[in-house]
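Chain identifiers are assigned alphabetically (A, B, ...) following the order of the sequence lines, protein sequences preceding nucleic acid strands; residue numbering begins at 1 within each chain.
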Amino acid sequence: DAGVIQSPRHEVTEMGQEVTLRCKPISGHNSLFWYRQTMMRGLELLIYFNNNVPIDDSGMPEDRFSAKMPNASFSTLKIQPSEPRDSAVYFCASSLALGQGNTGELFFGEGSRLTVL
Amino acid sequence: QKEVEQDPGPLSVPEGAIVSLNCTYSNSAFQYFMWYRQYSRKGPELLMYTYSSGNKEDGRFTAQVDKSSKYISLFIRDSQPSDSATYLCAMRGTSYGKLTFGQGTILTVHP
């Protein structure tokens, strides 16, 4: 089975440019998470979708960040305009939602490493 | 204060050593406790999963949860160079999928 697929794996851009990160969750999973990982702050939850609906976006740092999930097999995280402090590894993860007899284990993609110059 | 505290290390041990990794937390609503392992330039993968207090063993790995002290541990016996990775504790409550992660501990097992 294919895991969570993220693209691009690496992105280098200049300050002020728009960045779009993409994620394809595992088929059949109905929860999707975007995390950001830095050395200083570790893994931080940005936003969480359940059945394509955003449930908790309290981790989105500011209005420059937006996320969408137009269907069950695709999600995007957009940063506009990007800033150097946005440099991090962005992970997408998917899971079966709680209440379906499962542990809620998160399955992570390999991440998108973003560098904003 | 962070909800979950984890010493980032780094921790360096010789092959065959027993490794102890720990996290403390402040949210008494946390009921599910997990350890994820993350190899360099990869995403985290679930290693151990525990519900409420107690111990769980899986091969060379043992997870312990002490809810009264709000303290969880992961022990690795007979550590191997292939165990070199970042270990992240994670936890959540009962009704919400969000996981709160610790900072991660970088472990190196040298031959």
Original post:
Is chain B contacted by the side chain of Gln37(A), its backbone, both, or neither, given a heavy-atom distance below 4.5 Å?
Top reply: side chain

Original post:
Does anything in residues 39-64 of chain B get under 4.5 Å of chain A by heavy atoms, and if so which residues?
Top reply: Arg41(B), Lys42(B), Gly43(B), Pro44(B), Leu46(B), Tyr49(B)

Subject >> Same cluster (ILVMFWY, side-chain, under 4.5 Å), Tyr87(B) and Val4(B) >> reply: yes

**OP:** Answer yes or no: is there a side-chain heavy-atom contact under 4.5 Å between Leu96(A) and Ser31(A)?
**Re:** no

**OP:** With a 4.5 Å cut-off on heavy-atom pairs, point out which of Gln6(B), Gln103(B), Lys2(B) contacts chain A the most.
**Re:** Gln103(B)

**OP:** Report the distance from atom CD1 of Ile47(A) to atom SG of Cys92(A), rounding to the nearest 0.5 Å.
**Re:** 11.5 Å

**OP:** Can you check whether anything in residues 9-25 of chain A gets within less than 4.5 Å of chain B, heavy-atom wise, and list it by number?
**Re:** Arg9(A), His10(A)

Subject >> Atom group of Arg113(A) that falls short of 4.5 Å from chain B, counting heavy atoms >> reply: side chain

**OP:** Check whether any side-chain heavy atom of Phe74(A) sits under 4.5 Å from a side-chain heavy atom of Met69(A), and report yes or no.
**Re:** no

**OP:** May I ask you to test the Asn30(A)-Asn50(A) pair for a side-chain heavy-atom distance under 4.5 Å?
**Re:** yes

Original post:
Is the shortest side-chain N to carboxylate O distance from Glu62(A) to Arg85(A) below 4.0 Å?
Top reply: yes

Subject >> Flag side-chain contact, heavy atom, 4.5 Å: Asp86(A) against Arg64(A) >> reply: yes

**OP:** Test Phe108(A) against every option in Trp34(A), Phe33(A), Tyr35(A) by the ring pair (Phe, Tyr, Trp, His ring centres under 6.0 Å) rule and name the one that passes.
**Re:** Tyr35(A)

Original post:
Does Gln80(B) have any side chain to side chain donor-acceptor pair (under 3.5 Å) partners at least two apart in sequence or in another chain, and if so, which?
Top reply: Asp78(B)

Original post:
More than 12 non-hydrogen atoms from neighbouring residues, nucleotides or ligands closer than 6.0 Å to CG on Asp63(A), yes or no?
Top reply: no

Subject >> Test item: Pro8(B) and Thr86(B) side chains (from C-beta on) under 4.5 Å apart, heavy atoms >> reply: no

**OP:** Tell me, yes or no, whether the heavy-atom count around Lys67(B) atom NZ, taken from other residues, nucleotides or ligands under 6.0 Å, exceeds 12.
**Re:** yes

**OP:** Under 4.5 Å, heavy atom to heavy atom: which of residues 10-37 of chain B reach chain A? Give them by number, or say none.
**Re:** Met34(B), Tyr36(B)

**OP:** Examine Phe49(A) and Phe65(A) and state if one hydrophobic cluster contains both, with Ile, Leu, Val, Met, Phe, Trp and Tyr joined whenever side-chain heavy atoms are less than 4.5 Å apart.
**Re:** yes

Original post:
Are Phe107(A) and Met91(B) in one and the same hydrophobic cluster, where Ile, Leu, Val, Met, Phe, Trp and Tyr link if side-chain heavy atoms are under 4.5 Å apart?
Top reply: no

